[in-house]
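Some notes on the structure that comes next.
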Amino acid sequence: MDYVKLINCMRCGMCLSHCPTYKETFLETASPRGRVALMRKLSEGELEASERLLEYLSLCLDCQACASACPCGVNAGEMVAEFKCEQKDGKELSFMEELILRKLLPHPDRLEAAIKPMRVYQQTGLQKVVRKLGMLKMFPKPLERMEGLLPELPGQPLRQAIHEVTPAAGAERGTVGFFLGCVMSLVFSEASRATVRLLSELGYRVVTPKDQKCCGAPNVLAADRQGLLDAARFNVDLFSRHDVDFIVTDCGGCGSELKKYGHHLEGDDGAAAFSGKVRDISQLLALHVDDLKGKLQPLPLKVTYHDPCHIAHCQGIRMEPRQLLKMVPDLDFRELAEADACCGSAGTYNIEKPEMSDRVLRRKVENIKATGAEVLVTSNPGCLLQLKKALSEEVSPIRVMHLTEVLARSLAGER
Amino acid sequence: MKESFIKELTAIVGPEHTLTDRESLVCYGYDSTPELENRPGAVVLPASEEDICRILTLCHNAGVPVTARGSGTNLSGGSLGDAHSIVIQTSRLNRIIEIDEENLTATVEPGVVTSAVHRAVEAKGLFYPPDPGSMNISTMGGNVAENSGGLRGLKYGVTADYVMGLHTVLPDGSLLTTGGKAVKDVAGYNLNQLLVSSEGTLGIFSEITVKLIPKPQAKKTMLVHFPELEQAALAVSHIIAARVIPATLEFMDRVTIKCIEEYARVGLPLDVDAVLLIEVDGHPAVVEEEAAAVRQVCERHRCSSFQTAATADEALKLATARRVALSSLARMKPTTILEDATVPRSCIAPMVKLIQETARKYNLTIGTFGHAGDGNLHPTCLTDERDKDEIARAHKAFEEIFDAAIAMGGTITGEHGVGIAKKKYLPRLVGESGIRVMRGIKQAFDPAGILNPGKVF
Ligand SMILES: Cc1cc2nc3c(=O)[nH]c(=O)nc-3n(C[C@H](O)[C@H](O)[C@H](O)COP(=O)(O)OP(=O)(O)OC[C@H]3O[C@@H](n4cnc5c(N)ncnc54)[C@H](O)[C@@H]3O)c2cc1C
Ligand code: SF4
Ligand code: SF4
């Protein structure tokens, strides 16, 4: 790691109050400032890469709330991720990583086929039996957590169902390429359908290239740089074959990764152009508030909004989703305390660090409950999974919807 | 650190809250002070006043020095201890015990974060004015120990002006209660005020009662550009001479303006010497009158632009420059040395001039911003700790700046405290008798010298 990055931290502590793990523990070792200090002392040779040190660093959610707060532009979360990458460099991918990152994610067909049994498992009632008998307890904990997170899966992944071109409803104002996130397509296809409907209603022709691949964010998590570069190269080339004004995604995680392609493939004009066109759906919709205003119909719901880390901290988008929700007639928008604090999902964190993930989640749930909202809106699949499960288990359950689902409903006049 | 001692500490706060591993201690080896480091022998995180009493009793008996720590954001090295000492971090004592709307007081535990107090009292239409730049993370205990000030200091005063009552754990583990909710209290020495700004050397605060005031009804924000530094400084004095005390009267110099524009592009002109951010607050009618008076004075002093915010959003926009001042400076170079030399208000122009000349003399980049209304400037040196020569020059420059501040009738530190960083300058300011009296007070509170040794003098 570049030493300057480490000494850029002036130890002002401004990041501490934004760091979910510090807020839970009050431990300096679990704070951004502490994490930078640990890496610095390691690189200066005062500390070794002891198991304890790695354990402290691994408690970081990589939510990047610290980066939003830091006056010096230090991104402790990203630095910890980079550090983990370096630690891993040269080491082979594990069997599971190889399977998921190389054999499944880059091949949507295989990925979709792999998830099929899960659907069968849910639909045949087998899931209920297994849960009732507590059979999952016989499996390792991570598997049990993973299974518990999955909501009911749609009949068919959106990638298979959607037409490659959806025409604009009415006069065409332009063309957008739609980047379909893996989890959005597999699990939250309804939300992505809503996204496409909104774009079409606003006069965009929507092109959804069927061959698109996973954005590469999971490869970053597993320190698989080659896998990431392959994914970036492929998607840049694929979208360059379509003449689009914007590349839109409704997945916060994909959006922040796609915006970095230009950086990943440094010196490649195509990649820079690609990243320059990427917009989160809320950014694009916010360009057309005047048009939307006339079209939205009353939706009398009490709603609050959770900022996904990948939207607020990684892309700096905070205003647009709120602006859009507040435009819906009769919608009662309530601001959420600590709205841009991580929900504890954080990639695979909720499976790897269940205890801290649950603590962070608990705080989020309490804040959501305090708003009195009936619906929690957010716009990232990780948050949707995590919060859907948690909020459905509450005594008075709170519904979870993607931003575009709410807007599409209002647009269609459904209550 | 003896194993038996650690065992007893653990018995008080639990293993989860007793830290002795190398990695943890490294992370308590710093606070926000540049260049200073020192590692304690152990760190404990108590959960109650009683825990603190027990820990101090234990340390007293074992002769182990103790340093209190809130969030470790002080800029004078005050929360650092050495390998023979322990650090008590108060963050877990974070309850707001009571907001008394009849007596207009708030009683909090020492680990409560300053802005949490703001939020809680403002929800009830009340106001706790002290607002240090670090308020989103600094603790009330730290604020009292450093007598922290902030942007609203000119009109509303600093932490000391709000402290009404304290629970202080003395070095032998006994509890001292001073003051309370009574507005008037002349019984004996004013120990409250003695304990404020004691930097953890006299006792450890375990409960704090502060005064609240009604929240001002209205506020008006103005941003003013001045082509000439002297005129900006004169405007500051003349605004106050016109009987207007703004809630905020902030200053930014040319170097700071340049950095702000490079980083945040808020639209400041690069050819002016100074920018003032001014806020007046209070009754709506008075606010209008005061804003008009401020405008008159600024125009008399040849301001080149005078903007007034019409809405809350616009006010936020105008305040952006000041809000990002530190970030903009800090991003320029890896190491940022932020000082707080303070002079009487009438000396602002000569002080800023002197800072700029000193920077030139030592070939340094120093941006100055700060609370012009109370003469509290933040000359901020942008440097690189790897450049030993430049760091040495920075120290020389600051030595000259502090000496000048003293000569102008000002002080070496307006809000960051003495700690370790400014120890050597204190005798120059308070003289031999000042040090003698302070030593006497220290002796009375802490005869064994176990509380935050090596700080202040
Ligand atoms: C970016 C930045 C901006 C800042 N802006 C301002 C500003 O505008 N105005 C200002 O005045 N300061 C400012 N500061 C300095 C600092 O934030 C204040 O001094 C603050 O009060 C420290 O609070 P803390 O909780 O971090 O205390 P710490 O740094 O942890 O401790 C400070 C001192 O208080 C003692 N202490 C802590 N808790 C207790 C207790 N319970 N009992 C007894 N002693 C205790 C410690 O021993 C130490 O000597 C700034 C600092 C930074 C980094
Ligand atoms: S990471 Fe940034 S915000 Fe946190 S202590 Fe370092 S400089 Fe300050
Ligand atoms: S990325 Fe999140 S968890 Fe990690 S240090 Fe930053 S704020 Fe804390």
Side-chain angles (χ1 to χ4, degrees), chain A residues 2-19 22-57 59 65-74 76 319 337-338 355, chain B residues 16-17 19 21-37 39 43 45 47 69-75 87 89-94 111 113-116 119 133-138 263 323-338 384-386:
Chain A
D2 195 351
Y3 185 65
V4 180
K5 275 197 193 170
L6 294 168
I7 64 171
N8 265 337
C9 170
M10 65 168 179
R11 309 190 293 208
C12 66
M14 303 295 252
C15 51
L16 266 63
S17 59
H18 297 264
C19 175
Y22 180 78
K23 284 195 288 189
E24 285 304 318
T25 60
F26 299 118
L27 297 176
E28 200 55 50
T29 46
S31 78
R33 178 169 69 173
R35 289 176 177 131
V36 175
L38 288 173
M39 291 185 281
R40 176 173 177 169
K41 293 298 174 194
L42 181 70
S43 90
E44 287 172 356
E46 264 188 66
L47 289 175
E48 289 154 33
S50 65
E51 220 162 278
R52 191 184 280 116
L53 182 138
L54 298 178
E55 180 60 31
Y56 284 153
L57 290 180
L59 204 62
C66 47
S68 293
C70 177
C72 304
V74 175
M319 207 182 65
E338 306 187 344
E355 195 236 355
Chain B
E16 205 186 321
H17 300 116
L19 318 173
D21 59 284
R22 210 175 141 69
E23 289 78 7
S24 290
L25 299 179
V26 159
C27 291
Y28 287 88
Y30 55 75
D31 49 29
S32 296
T33 321
E35 299 176 77
L36 286 182
E37 276 185 24
R39 247 164 254 172
V43 179
L45 288 86
R69 178 177 173 114
S71 295
T73 68
N74 77 87
L75 292 161
V87 161
Q89 185 186 342
T90 61
S91 312
R92 289 175 70 217
L93 282 95
N94 61 352
V113 166
T114 317
S115 65
R119 275 196 303 277
S134 51
M135 64 188 181
N136 285 328
I137 184 64
S138 71
Y263 161 57
R323 217 174 33 246
V324 299
L326 178 61
S327 316
S328 310
L329 290 165
R331 275 172 206 242
M332 293 287 149
K333 289 273 205 94
T335 310
T336 308
I337 306 180
L338 174 73
D384 185 332
E385 59 180 78
R386 293 166 297 182

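No hydrogens, no waters, no symmetry mates; every other heavy atom, side chains included, goes into these values.
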Contact class of [X] relative to chain A, heavy atoms under 4.5 angstrom:
| X | answer |
| --- | --- |
| B:Asp31 | backbone |
| B:Val113 | neither |
| B:Thr33 | backbone |
| B:Leu329 | neither |
| B:Arg69 | side chain |
| B:Glu23 | both |

Find the one option among [options] whose heavy-atom pairs under 4.5 Å with chain B are most numerous.
| options | result |
| --- | --- |
| A:Cys70, A:Ser17, A:Ser50 | A:Ser17 |
| A:Ser31, A:Ala30, A:Gly73, A:Ala69 | A:Gly73 |
| A:Arg35, A:Glu46, A:Arg52, A:Met14 | A:Arg52 |

Grab the two heavy atoms, one from [X] and one from [Y], that are nearest each other, plus how far apart they are.
| X | Y | answer |
| --- | --- | --- |
| B:Leu45 | A:Thr25 | CD2-O, 4.3 Å |
| A:Phe26 | B:Tyr28 | O-OH, 3.7 Å |
| A:Met10 | B:Ala330 | CE-CB, 4.1 Å |
| B:Gly72 | A:Arg33 | O-NH1, 2.8 Å |
| B:Tyr30 | A:Gly34 | OH-CA, 3.2 Å |

Starting at OG of B:Ser138, measure out to CG of A:Leu16 and round the result to the nearest 0.5 Å.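 Rounded to the nearest 0.5 Å, the OG-CG separation comes to 11.5 Å.
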Hey, what do you get for SG (A:Cys72) to CG (B:Leu326), rounding to the nearest 0.5 Å?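 CG of B:Leu326 is found 7.0 Å from SG of A:Cys72.
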Step by step, work out the side-chain contact (heavy atoms from CB on, under 4.5 Å) result for A:Leu27 and B:Leu19. CA-CA 9 Å; A:Leu27 297 176; B:Leu19 318 173; 3.9 Å; yes
Winner by heavy-atom pair count (cut-off under 4.5 Å) against chain A, out of [options]:
| options | answer |
| --- | --- |
| B:Met332, B:Arg92, B:Arg22, B:Arg331 | B:Arg331 |
| B:His17, B:Gln89, B:Lys333, B:Glu16 | B:Gln89 |
| B:Asp21, B:Asp384, B:Asn74, B:Leu75 | B:Asp21 |

Return each pair, listed once, that meets salt bridge (Lys or Arg N to Asp or Glu O under 4.0 Å) where at least one residue sits in residues 5-16 of chain A; pairs must be two or more places apart or across chains.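 As it turns out, the salt bridge (Lys or Arg N to Asp or Glu O under 4.0 Å) pairs with a partner in residues 5-16 of chain A, which skip direct neighbours, are A:Lys5-A:Glu82, A:Arg11-B:Glu37.
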Non-hydrogen atoms of chain B under 4.5 Å away: do they reach the side chain of [X], the backbone, both or neither?
| X | answer |
| --- | --- |
| A:Tyr56 | side chain |
| A:Cys9 | neither |
| A:Leu42 | neither |

For A:Glu55, side chain to side chain contact (heavy atoms under 4.5 Å, CB included) partners two or more places apart: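 A:Glu55: side chain to side chain contact (heavy atoms under 4.5 Å, CB included) contacts with A:Ser58, A:Lys353.
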Pairwise side-chain contact, B:Pro334 with A:Tyr3, heavy-atom cut-off 4.5 Å (strictly under):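 No, every pair of side-chain atoms sits at 4.5 Å or beyond.
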